[in-house]
Chemist: 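Provided herewith is a single structure, encoded as structure tokens, for subsequent inquiry.
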Amino acid sequence: MSGAIRPLQTDYDFVDNELADFFRHHDLAAMNAGRPQVNEEEVTFADDGHKELLETIKTPMLNNEGELVGVLGIARDITDRRKTAELIEHQAAFDSLTDLPNRRLLIVRLNQSIANCNRHNYFSAVLFIDLDNFKNVNDSLGHPVGDELLKQVAKRMVSELREGDTASRLGGDEFVVLLMELSEDSVQAAELARLGAEKIRKNLSRSYAIDKNTLHITVSIGIALIPMENDSADDVLKFADTAMYHAKESGRNAIRFFLPRMQVEVDERLRLQNDLHQAMLHNELDLFFQPKINSELNIMGAEVLLRWNHPVRGNVAPDMFIPAAEKSGQILEIGQWVLKNSFIQMDSWAKQLSLPENFHIAINVSPHQFRQKNFIANIEQLLGETGVDPKYLTFELTEGVLVENIKNTTIKINSLKKLGIHFSIDDFGTGYSSLAYLKQLPVQELKIDRSFIRDINIDQSDASLVETIIMLASQFNLDVVAEGVEKVEQYKFLSAKGCSSYQGYFFERPMAEEAFTRLLINYPNYSKNIK
Ligand code: C2E
Ligand code: CA
Ligand code: CA
């Protein structure tokens, strides 16, 4: 009998080599095992390119002597069976009307998201969205119209999402949107969640054309941030649902946070941002100048400090609004205003007064501004517009932004240095202040942070830190400014250690432009303050 089963043609004659290898692999497996093997093989047919999923049973064939003579393969098409299985799987996880993830899948994603937020320390948000008075649509126009409305709502919701976010339908007219990885800062995350919710609310309240009807609906949205503490997916959904309920109570078509405190903070910040925008429009911002005093106790320059004359709140300190402006990005606009007006002011002093040698004004540049790609070009343009001589300008930057990308920073600083602009490290000592960095940075000045000067006469460790900074500065040939000098003892300590300049209430407070101009004209010497 042997020899009767001789392959005339092989798999290689029917399908491409790769697929034939794959079949051969299964054949060998059956031969090696010595018993039938069941496999799934996807086949693309060469003639018309159609695909079939085959279930094959490969059975080793033996002759009477028990020798292996071949493999018998029986295949059947299971494409439909697989499709049905996939459909069932899909139906278990997706809503059949809108095709959005259903509650089951949402819970899975929520749990993942809670775990990720905890692990990576950021906040995500859950929006619970409920259509207002949806029942009326069903009752008056019928269920098919209601269904169509839900479908369109789902589409619009999805169109507002970023990749990675999830919109799901819990059932009825209840939807849940999961906004992922908003921020590491809870208030900022809340703010972004609110913006996202607002976008969805607006989009969903545009009119819908269904059959011959034009429909208008509104939605109520509740927001809960994740993680809060030890919360489960069910808890989070409950929180967001509660918040949604409050939105309904407030008269519908509204957005509410689960935590009232979060609501207050977000409202507050939004109001501040709005006010700041108005401030820019209505010229409520002002520049103050705080004299910097050299070792001969003469004025050598000034730090430019921003002031805000709020029509209701009065004078708002920069610490109250700069951090918020940093977060909202408004600092760019504000910073630009500061730069331009400082340049104009400086130019006018240079033209009208006889200034002491090496006089300069120090402008605080926020990290956000400095990171701008066009920072240099922008400065060059402002210099051109205002005509100020760059030799009068110093930029104060905090350590953090200087060291975050040393190479890039160095290039930026050097190109502005070429124009004559000086650089100073602000709040020195509070951040990274690694010596290795200091050596690399092309800056001319260090400003010792006020917090170290404050207790210099009572706290030994502050005193030695300040002394070290001064020594360090002289080794690197840097000027050193002590900030926040309020008492004569502080000045005496600093001058004994070789500090080169001072700034603080002991000499002068920040003052308006007219007052500083008068000082420049009188050009006082402050030795009279030292007794
Ligand atoms: P800073 O850069 O550390 O500015 C020094 C702050 O110390 C100023 O507060 C100044 O008024 C205050 N100060 C000076 N001497 C003394 C003193 O002897 N005692 C006390 N207790 N305080 C003193 P200010 O003007 O409230 O500014 C606060 C911060 O706001 C600044 O800290 C700076 O980070 C930021 N800032 C101010 N103006 C601007 C600006 O135009 N742009 C940017 N990006 N930030 C600014
Ligand atoms: Ca400063
Ligand atoms: Ca400071």
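We count ligands from 1, going down the list as the structure has it; atoms in each ligand are counted the same way.
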Chemist: Is a donor from one side chain sitting under 3.5 angstrom from an acceptor on the other, for N525 and E296?
Modeler: no
Chemist: Looking at R194 and E191, does any basic side-chain N land under 4.0 Å from a carboxylate oxygen?
Modeler: no
Chemist: At less than 4.0 angstrom from any non-hydrogen atom of P510, what atoms of ligand 1 do you find?
Modeler: 11 (O)
Chemist: Using a plain distance cutoff, I'd like to know if V365 has any nitrogen or oxygen under 3.5 Å from a nitrogen or oxygen of ligand 1.
Modeler: no
Chemist: Which atoms from ligand 1 have a heavy atom of D319 less than 4.0 Å away?
Modeler: 28 (C), 29 (C), 30 (O)
Chemist: Any side-chain donor paired with an acceptor under 3.5 Å for E160 and N203?
Modeler: yes
Chemist: Go through it in stages, so that I can follow the logic: the residues are I217 and V153, the test is side-chain contact (heavy atoms from CB on, under 4.5 Å), and I'd like the CA-CA distance, side-chain angles, deciding distance and then a yes or no.
Modeler: CA-CA 10 Å; I217 56 156; V153 162; 3.9 Å; yes
Chemist: With heavy atoms of P318 as the reference, note each atom of ligand 1 found under 4.0 Å away.
Modeler: 24 (P), 25 (O), 26 (O), 27 (O), 28 (C), 30 (O), 37 (C)
Chemist: Counting only heavy atoms, which portion of L306 has something under 4.0 Å from ligand 1: side chain, backbone, both, or neither?
Modeler: both
Chemist: Give the numbers and elements of all ligand 1 atoms closer than 4.0 Å to a heavy atom of S366.
Modeler: 44 (N)
Chemist: Relative to atom 22 (N) of ligand 1, which among W337, Y505, W308, F288 owns the nearest non-hydrogen atom?
Modeler: Y505
Chemist: Give a yes/no verdict on whether any heavy atom in K447 is under 4.0 Å from an atom of ligand 1.
Modeler: no
Chemist: What part of E483, side chain, backbone, both or neither, has a heavy atom within less than 4.0 angstrom of ligand 1?
Modeler: side chain
Chemist: Give a yes-or-no answer on whether the side chains of R307 and N315 include a donor-acceptor pair shorter than 3.5 Å.
Modeler: no
Chemist: Is the closest side-chain donor-acceptor distance between D130 and S220 under 3.5 Å?
Modeler: no
Chemist: If you take the centroid of each ring, where Trp contributes its six-membered ring, are W349 and Y392 closer together than 6.0 Å?
Modeler: no
Chemist: Which atom, among the N/O/S set of D426, is closest to the Ca ion (ligand 2)?
Modeler: OD2
Chemist: Give a yes or no on whether N364 keeps an N, O or S atom under 3.0 Å from the Ca ion (ligand 2).
Modeler: yes
Chemist: Return the option from E508, E326, R450 holding the heavy atom at the smallest distance from atom 12 (C) of ligand 1.
Modeler: R450
Chemist: Please determine, by modelled atom types, if N477 and Q444 share a side-chain donor-acceptor pair under 3.5 angstrom.
Modeler: no
Chemist: Can you sort out which atoms of ligand 1 are near V338, meaning under 4.0 Å from one of its heavy atoms?
Modeler: 41 (O)
Chemist: Pick whichever of Q503, Q290, E486 has a heavy atom sitting closest to atom 19 (N) of ligand 1.
Modeler: E486
Chemist: For atom 35 (C) of ligand 1, tell me which residue out of I322, V316, D449, L285 has the closest non-hydrogen atom.
Modeler: I322
Chemist: Tell me the nearest of V304, L305, V485 to atom 31 (C) of ligand 1, using heavy-atom distances.
Modeler: L305
Chemist: Measure the distances from the heavy atoms of G335 to every atom of ligand 1 and state whether one is below 4.0 angstrom.
Modeler: no
Chemist: Which of the numbered atoms in ligand 1 are below 4.0 angstrom from a heavy atom of D427?
Modeler: 3 (O)
Chemist: So, does R307 sit close enough to ligand 1 that a heavy atom of it is under 4.0 Å from the ligand?
Modeler: yes
Chemist: If I consider every N, O or S atom in E396, which one ends up closest to the Ca ion (ligand 2)? I only need its name.
Modeler: OE1
Chemist: Give the numbers and elements of all ligand 1 atoms closer than 4.0 Å to a heavy atom of G504.
Modeler: 15 (N), 18 (O)
Chemist: Under 4.0 Å, counting heavy atoms only: does A317 come that close to any atom of ligand 1?
Modeler: no
Chemist: Whether K238 and D241 form a salt bridge (side-chain N of Lys/Arg under 4.0 Å from carboxylate O of Asp/Glu) is what I want to check.
Modeler: no
Chemist: Whether the Q290 and Q503 side chains hold a donor-acceptor pair (N or O, under 3.5 Å, no angle test) is what I'd like checked.
Modeler: yes
Chemist: Got more than 12 heavy atoms from elsewhere within 6.0 Å of CD, E385?
Modeler: yes
Chemist: Using a plain distance cutoff, I'd like to know if E396 has any nitrogen or oxygen under 3.5 Å from a nitrogen or oxygen of ligand 1.
Modeler: no
Chemist: Would you call the rings of W308 and F321 parallel, tilted or perpendicular, taking 30° and 60° as the class edges?
Modeler: perpendicular
Chemist: Give the C-alpha distance, both sets of side-chain angles, the deciding distance and a yes or no for side-chain contact (heavy atoms from CB on, under 4.5 Å) between K447 and V480.
Modeler: CA-CA 6 Å; K447 285 188 92 167; V480 51; over 6 Å; no
Chemist: Does the side chain of D459 pick up a donor-acceptor pair with the side chain of S461 at under 3.5 Å?
Modeler: yes
Chemist: Which N, O or S atom name in E303 marks its closest approach to the Ca ion (ligand 2)?
Modeler: OE2
